[in-house]
Number of protein chains: 2
Amino acid sequence: MAPDTGGHGDPTRMRAAPARGLSRRASFLLVQLGTHRHRRFAERLAPLDLHPRHFGMLSQLAENEGQSQQALSSALGIHRSAVVALVDDLEHRGLAERRRDPADRRAYTLYVSPVGRELLAELDRAADEDEAELLTALDVSERSKLISLLQRVAESQGLTAGVHPNLKPGEGDDHTTHGKPRHARTRRTSR
Amino acid sequence: MAPDTGGHGDPTRMRAAPARGLSRRASFLLVQLGTHRHRRFAERLAPLDLHPRHFGMLSQLAENEGQSQQALSSALGIHRSAVVALVDDLEHRGLAERRRDPADRRAYTLYVSPVGRELLAELDRAADEDEAELLTALDVSERSKLISLLQRVAESQGLTAGVHPNLKPGEGDDHTTHGKPRHARTRRTSR
DNA sequence: TATTGTTATACTCTATAACTATA
DNA sequence: TATAGTTATAGAGTATAACAATA
């Protein structure tokens, strides 16, 4: 996440009521919490010299071994060319492996190494601790309530079916118009 | 948000149970949904040639007029130097105004213009529509349940008190160590 | 000497296009 | 001709450092 500043702004300085300003909106809270969690998890992974991306890729790979980089690319919602460096990282550290696809010699099939699986288990535990840290304020039934509500919302937004938010329907790769109208930033002239 | 690929990865290809893989974790769902919402809202604002950042800044400004750029900077959790261009944007479009602070001639005091207030009202409506689009899957009581759970979680993480996730406690500006240990990416050598 | 706003610079992440080797 | 992987390059966003004016 390139946690951009103001999802929708920031609910600053509580006055009296608990639900003031922007934080009365679920959208804002989701952006705020999402950014926060991503950051915290990245900090937790930093000592291992890893990024949440690596965890994501390793998990996806473990659930679906033998995938091509192309397949990984659409599963994770990142571009083909970005996958290259990430897989390089994993491979150079002995966490994953590229094998030539005998059926299509252009493609690789990707596998998680035993070391990778060990690390993944460790990362899963880290993610669980992370999760516990996040949810301290809620009791057990509230936690599962929250998760189930989030799952339903995610599903309704088409997010659980393997299509990452980065990929809008119909955009699987190049050719398609990734070039949305850019925001024309007013540049400073003088002062 | 520089929506980075894999908050924690991606729950690909539902098999049978609804709560599979990474999407059983609240953290993952928050990152996924946060990214998604940020993106959708950015798309909604694009035709107006605006970015969620602008909305965030305008909201924050409207709630607290007369702020300095420095104050805005810590309220939004973005760096002083980044505030400059954003305020430029708003000012050049007649949405906000810089006035010299008579008490401290180094500083500006910032104000939202009448046009800015009008636009803000319009953006608030857009955010409401966005919210509705997000929560279609839930009924009214579920919606408020979700929001209140999210608020409690956000509060427990220290997010509602005006400290944006970007600012870790004690880091208000320069001088402080923004330089965390960078991830050493394994670079490709040959092939 | 410290702070506000500013600029210039570097670094990260992502997107685009072109290239290769296959198909 | 199209596709998998790769590379180089350009863009957006953010962080760092240095500077002028002011405190």
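From a predicted model like this one, the values you see are computed outputs, not experimental measurements.
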request  = Starting from C1' on dC13(C), measure out to CZ on Arg39(B) and report it in whole angstrom.
outcome  = 12 Å
Please tabulate, one pair per line, each protein N/O and nucleotide N/O from nucleotides 19-23 of chain C that are separated by under 3.5 Å, including the distance.
| from | atom 1 | to | atom 2 | distance (Å) |
| --- | --- | --- | --- | --- |
| dA23(C) | OP1 | Arg105(A) | N | 2.9 |

query = Just checking Ala82(B): base, sugar-phosphate only, or nothing, at a heavy-atom cut-off of under 4.0 Å?
reply = nothing
key: Flag side-chain contact, heavy atom, 4.5 Å: Leu50(B) against Leu58(B)   = no
note = Picking from dG5(C), dC13(C), dG5(D), the nucleotide nearest the side-chain atoms of Arg53(A) would be dC13(C)
inquiry  = Test of understanding: with salt bridge (Lys or Arg N to Asp or Glu O under 4.0 Å), list the residues that count as partners of Glu122(B), not counting sequence neighbours.
reply    = none
ask   = OP1 or OP2 of dT4(C) sitting under 4.0 Å from any side-chain N/O of Gln70(B)?
value = yes
message = So for Ser81(A) and dT14(C), does any side-chain atom that can act as donor or acceptor lie under 3.5 Å from a complementary atom in the base?
response = no
ask   = Distance only, no hydrogens: is a donor on one side chain within 3.5 Å (strictly under) of an acceptor on the other, for Arg100(B) and Tyr108(B)?
value = yes
ask   = Counting distance only, does the side-chain N/O of Glu142(B) pair as donor-acceptor with the main-chain N or O of Asp139(B) below 3.5 Å?
value = yes
Note, Arg37(A) side chain near Arg25(B) side chain (heavy atom, < 4.5 Å) = no
request  = Specify the separation, in whole Å, of atom CD of Gln67(B) and atom P of dG5(C).
outcome  = 11 Å
ask   = Reckon Arg98(A) has a side-chain N or O less than 4.0 Å from the OP1 or OP2 of dT6(D)?
value = yes
ask   = Do side-chain atoms of Thr35(B) reach the backbone of Val31(B) as a donor and acceptor pair under 3.5 angstrom?
value = yes
query = In whole angstrom, what separates Arg100(B)'s CZ from dA21(D)'s C1'?
reply = 8 Å
task = Grab the CD1-C1' distance between Ile78(B) and dG5(C) for me, whole Å please.
result = 14 Å
task = Could you tell me the separation between the CG atom of Asp89(A) and the C1' atom of dT12(C), rounded to a whole number of Å?
result = 13 Å
task = Round to the nearest Å and state the distance from His38(A) atom NE2 to dG13(D) atom C1'.
result = 15 Å
Value in whole Å for how far the C1' atom of dT12(C) lies from CG of Leu86(A) = 13 Å
ask   = Separation of Asp88(B) atom CG from dA8(C) atom P, in whole Å?
value = 13 Å
inquiry  = Counting only side-chain heavy atoms from C-beta out, which of dA15(D), dG5(D), dT7(C) sits nearest to His79(B)?
reply    = dA15(D)
ask   = Do the charged groups of Arg40(A) and Glu43(A) touch, with an N to O distance under 4.0 Å?
value = yes
